[in-house]
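In what follows, a single structure is set out as structure tokens and then discussed.
Below, all heavy atoms of this structure are taken into account, side chains as well, without hydrogens, waters or symmetry copies.
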2 protein chains.
Amino acid sequence: MPRIRHTSLDCSPGCAVEATLELIDGKWKGVILYHLLEGTLRFNAIRKRLPNVTQRMLTMQLRELERDGFLLRTVYPQVPPRVEYSLTELGRSLEPVIMALKRWGDRHTTFGRSTAVAEAAE
Amino acid sequence: MPRIRHTSLDCSPGCAVEATLELIDGKWKGVILYHLLEGTLRFNAIRKRLPNVTQRMLTMQLRELERDGFLLRTVYPQVPPRVEYSLTELGRSLEPVIMALKRWGDRHTTFGRSTAVAEAAE
DNA sequence: GCCCATAGTATCGGAAATGATACCGTCATG
DNA sequence: CATGACGGTATCATTTCCGATACTATGGGC
């Protein structure tokens with residue numbers, strides 16, 4: 001069952017904030033989008049970057065992202081199968097959002113400390 | 001019960017993205033932060049801006065935001081009580097994130113269409 | 001004496017999100 | 001003939017989130 005879409009127009013300007021959040025919410029979507037910003041990736045390639053995601057969850061998140069128009073799923077009819085995921089224009093339009101999230105995380109969470117070094121060298 | 005904090009350092013650079021998302025996730029936090037960017041607000045003032053939030057949920061979200069250091073809760077010992085919420089420095093540091101979310105929402109969701117007009121007039 | 005305003009708590013329950021585990025098809029390789 | 005790679009499904013259990021509703025304290029005004 002898909003998550004509740006933003007159907008009720010009952011809120012103030014801040015609503016756009018929640019609307020966006022809803023779309024990229026879901027435990028793994030943020031990171032998935034982040035990694036796809038760097039280019040096309042195969043299913044297992046994404047999996048390797050997300051050590052704790054289960055196959056099921058990854059599939060689900062990818063399908064939702066596809067449904068929302070953020071990414072394109074290309075199946076090559078080979079054996080073993082080959083499936084590639086890449087961002088659409090709409091997906092790439094999220095870059096400022098993703099990068100804002102990452103930048104904040106780098107500066108203000110314990111996660112960021114490691115990569116903050118690399119970024120400081122910019 | 002508080003939500004799971006980011007305790008496991010098991011992920012790649014994209015992790016900062018998720019870490020940030022986790023902090024501002026929770027159905028109302030985004031909008032709350034957005035409204036508080038404009039200044040201090042009392043409990044019921046926030047409530048009026050979020051027509052669909054229940055008292056319980058609003059309290060919970062505010063407490064989590066306070067716990068995470070994003071806002072300050074000031075109680076004035078009066079009757080009837082008066083409680084004011086304002087952003088901390090850390091809270092204000094989220095402004096780029098919130099605004100990126102809002103901007104994207106304004107441009108790409110049906111929510112945005114109305115406020116997009118006002119923004120276009122800038 | 002009763003009601004109102006403010007800012008909450010307490011309790012219950014249902015729905016949604018996530019996790020664990022097992023299974024599937026096909027071809028190439030050993 | 002068995003095994004492994006790839007990209008999944010199916011099923012079940014659990015965790016977490018969220019909503020509805022009722023209840024609370026206190027002082028002032030009627």
Between [N] ([atom2]) and [X] ([atom1]): distance, integer Å:
| X | N | atom1 | atom2 | result |
| --- | --- | --- | --- | --- |
| A:L58 | C:dA20 | CG | C1' | 16 Å |
| A:M60 | D:dT11 | CE | P | 15 Å |
| B:E22 | C:dT18 | CD | P | 10 Å |
| A:M57 | D:dA10 | CE | C1' | 16 Å |

Sequence neighbours excluded, every pair satisfying salt bridge (Lys or Arg N to Asp or Glu O under 4.0 Å) that has a member inside residues 30-44 of chain A: none

Can you list, pair by pair, the side-chain donor-acceptor contacts under 3.5 Å of residues 69-82 of chain B, counting residues two or more places apart and other chains?
from: B:R73; atom 1: NE; to: B:Y85; atom 2: OH; distance (Å): 3.2
from: B:Y76; atom 1: OH; to: B:E84; atom 2: OE1; distance (Å): 3.3
from: B:R82; atom 1: NH2; to: B:E84; atom 2: OE2; distance (Å): 2.8

Residue-phosphate contact under 4.0 Å: B:W28 side-chain N/O, D:dC17 OP1/OP2: no

Side chain to side chain donor-acceptor pair (under 3.5 Å) against B:S93, all qualifying residues, sequence neighbours excluded: A:W104

Footprint string (nucleotides 3-9 of chain C, 5' to 3'): B base within contact, S backbone only, - free, heavy atoms under 4.0 Å: --BBBBS

Trace of the side-chain contact (heavy atoms from CB on, under 4.5 Å) decision for B:L58 with B:F43: CA-CA 9 Å; B:L58 183 52; B:F43 186 83; 3.9 Å; yes

Residue A:K27, side-chain atoms from C-beta onward, closest of C:dA20, C:dT18, D:dG19: C:dT18

Partner set under side-chain contact (heavy atoms from CB on, under 4.5 Å) for B:R92, not counting sequence neighbours: B:L87, B:E89

Results of salt bridge (Lys or Arg N to Asp or Glu O under 4.0 Å) for B:R56 - residues two or more places apart only: none

